[in-house]
Enquirer: 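Structure below; questions to follow.
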Amino acid sequence: MKDVVIRRAELPDIPAIVEIEDCSFEVPWPDFLFKAYLNNPGFVVYENDGILGYAIVGISEDRTRSHLQSIAVHKDCRRQGIATRLLDWCIDLAKLYGFDRMTLEVREKNVDAQLFYSENGFKVEGRMDGYYIDDNAIIMGRDI
């Protein structure tokens with residue numbers, strides 16, 4: 001087995017990322033959105049004999065904090081610490097860029113994800129009705 005690597009996403013990774021996206025979310029992002037993020041230094045994949053997960057971290061609209069845009073792990077590889085490693089990588093990158101805060105939105109009905117973020121130091125900061133096509137968003141944040 002190859003060593004685990006977290007590296008920048010590349011165009012040939014998109015089909016595997018879309019597969020992870022499709023099995024992770026009720027309303028998945030289309031491939032063209034991932035292609036649009038390829039130049040983002042915060043778009044990474046977790047690789048070990050194949051792409052097992054991905055994360056995208058960027059900057060908030062007001063440019064005052066880092067923003068976790070998406071994170072997912074293939075359904076067959078969950079509960080192995082991959083999401084935590086990806087999240088830690090995103091936090092380290094945000095710190096490197098000088099940010100001291102990270103925020104995210106999570107579906108109101110995705111209690112497992114909310115628990116994951118809470119276990120990683122995020123706290124509920126608000127709610128946005130109708131943020132998702134089919135759900136409200138819980139806004140979470142933490143100092144990093």
Side-chain angles (χ1 to χ4, degrees), residues 2-11 13-14 16-48 50-144:
K2 283 177 23 178
D3 289 331
V4 171
V5 174
I6 295 178
R7 62 168 175 78
R8 272 183 80 167
E10 299 171 352
L11 187 59
D13 300 326
I14 298 296
I17 291 166
V18 169
E19 179 183 338
I20 292 166
E21 179 78 1
D22 288 346
C23 74
S24 298
F25 301 106
E26 290 178 30
V27 182
W29 286 9
D31 66 344
F32 71 84
L33 281 179
F34 292 107
K35 289 175 184 174
Y37 280 106
L38 279 177
N39 290 326
N40 178 342
F43 183 11
V44 296
V45 294
Y46 181 100
E47 181 179 55
N48 184 348
I51 307 297
L52 306 181
Y54 75 88
I56 304 173
V57 65
I59 301 170
S60 64
E61 286 183 17
D62 64 5
R63 307 187 81 61
T64 62
R65 64 195 179 285
S66 60
H67 181 248
L68 184 65
Q69 295 168 308
S70 189
I71 187 169
V73 174
H74 194 281
K75 63 182 171 64
D76 296 336
C77 304
R78 294 185 183 144
R79 307 230 183 265
Q80 298 177 26
I82 296 170
T84 300
R85 289 188 64 185
L86 282 166
L87 181 59
D88 289 344
W89 188 95
C90 290
I91 289 169
D92 289 344
L93 180 68
K95 287 179 187 176
L96 182 68
Y97 277 89
F99 292 100
D100 58 8
R101 182 143 190 78
M102 181 175 281
T103 59
L104 60 91
E105 298 83 26
V106 60
R107 289 177 181 276
E108 187 172 52
K109 55 188 172 184
N110 192 343
V111 177
D112 288 340
Q114 292 174 45
L115 179 60
F116 167 75
Y117 294 125
S118 292
E119 289 171 347
N120 283 279
F122 287 83
K123 295 187 181 350
V124 173
E125 297 182 342
R127 177 181 171 208
M128 281 198 290
D129 293 336
Y131 181 80
Y132 297 100
I133 292 171
D134 61 340
D135 199 3
N136 301 319
I138 301 298
I139 302 163
M140 300 182 80
R142 71 166 265 196
D143 293 334
I144 55 173

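Residue numbers start at 1 and run along the sequence shown.
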Enquirer: Roughly how far, to the nearest 0.5 Å, is the CD1 atom of Ile91 from the CG atom of Asn120?
Expert: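 Here the interatomic distance stands at 7.0 Å.
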
Enquirer: Say you draw a straight line from CD1 of Ile138 to CE of Met128; how long is it, rounded to the nearest 0.5 Å?
Expert: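 The distance works out to 10.0 Å.
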
Enquirer: So, taking the atom named CD1 in Ile17 and the one named OG in Ser24, what distance separates them when rounded to the nearest 0.5 Å?
Expert: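 With rounding to 0.5 Å, CD1 (Ile17) is 11.5 Å from OG (Ser24).
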
Enquirer: Are Ile144 and Ser66 packed together at the side-chain level, in the sense that at least one heavy-atom pair is separated by less than 4.5 angstrom?
Expert: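 Yes. Closest side-chain heavy atoms under 4.5 Å.
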
Enquirer: Evaluate whether atom CZ of Arg7 has more than 12 neighbouring non-hydrogen atoms of other residues, nucleotides or ligands under 6.0 angstrom away.
Expert: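 Check passes, neighbour count above 12.
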
Enquirer: What is the distance from atom CG of Asp100 to atom CZ of Arg142, rounded to the nearest 0.5 Å?
Expert: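 Taking CG in Asp100 and CZ in Arg142, the distance rounds to 11.5 Å.
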
Enquirer: Could you check whether any side-chain N or O of Arg127 sits under 3.5 Å from a backbone N or O of Asn136, counting only pairs where one atom can act as donor and the other as acceptor?
Expert: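 Flag not set: sc Arg127 to bb Asn136 has no pair under 3.5 Å.
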
Enquirer: I want to check something: taking the side chain as every heavy atom from C-beta on, are Leu93 and Phe99 in contact at a cut-off of under 4.5 Å?
Expert: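 Sidechains of Phe99 and Leu93: no contact.
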
Enquirer: First locate atom SG of Cys90, then atom NZ of Lys95, and finally report the distance between them rounded to the nearest 0.5 Å.
Expert: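 Rounded to the nearest 0.5 Å, the SG-NZ separation comes out at 12.5 Å.
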
Enquirer: Look at the side chain of Glu21 and the backbone N and O of Pro30, then say whether any donor-acceptor pair between them is shorter than 3.5 Å.
Expert: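 Checked: no pair found.
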
Enquirer: Measure across Cys23 and Arg78 and return the closest heavy-atom pair with its distance rounded to 0.1 Å.
Expert: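 That would be O-NH2, 3.6 Å.
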
Enquirer: Determine, step by step, whether Ile56 and Trp29 satisfy the side chain to side chain contact (heavy atoms under 4.5 Å, CB included) criterion, reporting the C-alpha distance in whole Å, the side-chain angles of both residues, the deciding distance to 0.1 Å, and the verdict.
Expert: CA-CA 12 Å; Ile56 304 173; Trp29 286 9; 3.7 Å; yes

Enquirer: For residues Ser118 and Met140, determine if any side-chain heavy atom of one lies less than 4.5 Å from a side-chain heavy atom of the other.
Expert: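 In contact.
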
Enquirer: Where is the tightest heavy-atom contact between Cys77 and Ile82, given as atom of each residue plus distance?
Expert: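 What the structure gives for the nearest pair is O-CD1, 3.6 Å.
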
Enquirer: Mind checking whether Asp13 and Phe34 have side chains closer than 4.5 Å, heavy atoms only?
Expert: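 Of all side-chain heavy-atom pairs linking Phe34 with Asp13, none is under 4.5 Å.
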
Enquirer: So do Asp135 and Glu26 actually touch side chain to side chain, heavy atoms under 4.5 Å?
Expert: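 In short, these two side chains do not touch, never coming nearer than 4.5 Å.
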
Enquirer: Do the side chains of Tyr117 and Leu68 get nearer than 4.5 Å, heavy atoms only?
Expert: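 With C-beta onward as the side chain, the pair touches.
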
Enquirer: Could you check whether atom NZ of Lys109 has more than 12 heavy atoms from other residues, nucleotides or ligands sitting under 6.0 Å from it?
Expert: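 Count over threshold, so yes.
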
Enquirer: Please confirm whether the backbone N or O of Arg107 pairs with a side-chain atom of Gln114, one donor and one acceptor, at under 3.5 Å?
Expert: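 It does hold such a pair.
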
Enquirer: Sequence neighbours excluded and cut-off under 3.5 Å, please list the side-chain donor-acceptor pairs for residues 35-44, or say none.
Expert:
residue : atom : partner : partner atom : Å
Tyr37   : OH   : Gln69   : NE2          : 3.4
Asn40   : OD1  : Gly42   : N            : 2.6
Asn40   : ND2  : Val57   : O            : 3.4

Enquirer: So does Leu115 have more than 12 non-hydrogen atoms from other groups sitting under 6.0 Å from CG?
Expert: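 Enclosed: over 12 neighbouring heavy atoms sit under 6.0 Å from CG of Leu115.
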
Enquirer: Should Asp31 and Leu33 be marked as a side chain to side chain contact (heavy atoms under 4.5 Å, CB included) after you check the CA-CA gap, both sets of side-chain angles, and the distance that decides it?
Expert: CA-CA 5 Å; Asp31 66 344; Leu33 281 179; over 6 Å; no

Enquirer: For a quick test of reading the model, state the closest non-hydrogen atom pair linking Ala94 to Met102 and the distance between them.
Expert: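 Nearest heavy atoms, Ala94 then Met102: CB-CE, 4.1 Å.
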
Enquirer: Do you know the tightest heavy-atom contact between Leu86 and Ala72?
Expert: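 So the two residues come closest at CD1-O, 4.4 Å.
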
Enquirer: Are the side chains of Tyr97 and Ile59 in touch, meaning some heavy atoms are under 4.5 Å apart?
Expert: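 No, side chains not in contact.
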
Enquirer: How long is the straight-line distance from CG of Leu52 back to CD1 of Ile20, given to the nearest 0.5 Å?
Expert: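 Ile20 atom CD1 to Leu52 atom CG measures 7.0 Å (nearest 0.5 Å).
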
Enquirer: Might you point out which heavy atoms bring Ala83 and Val73 nearest each other, and give the distance in Å?
Expert: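 Looks like N-CG2, 3.7 Å.
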
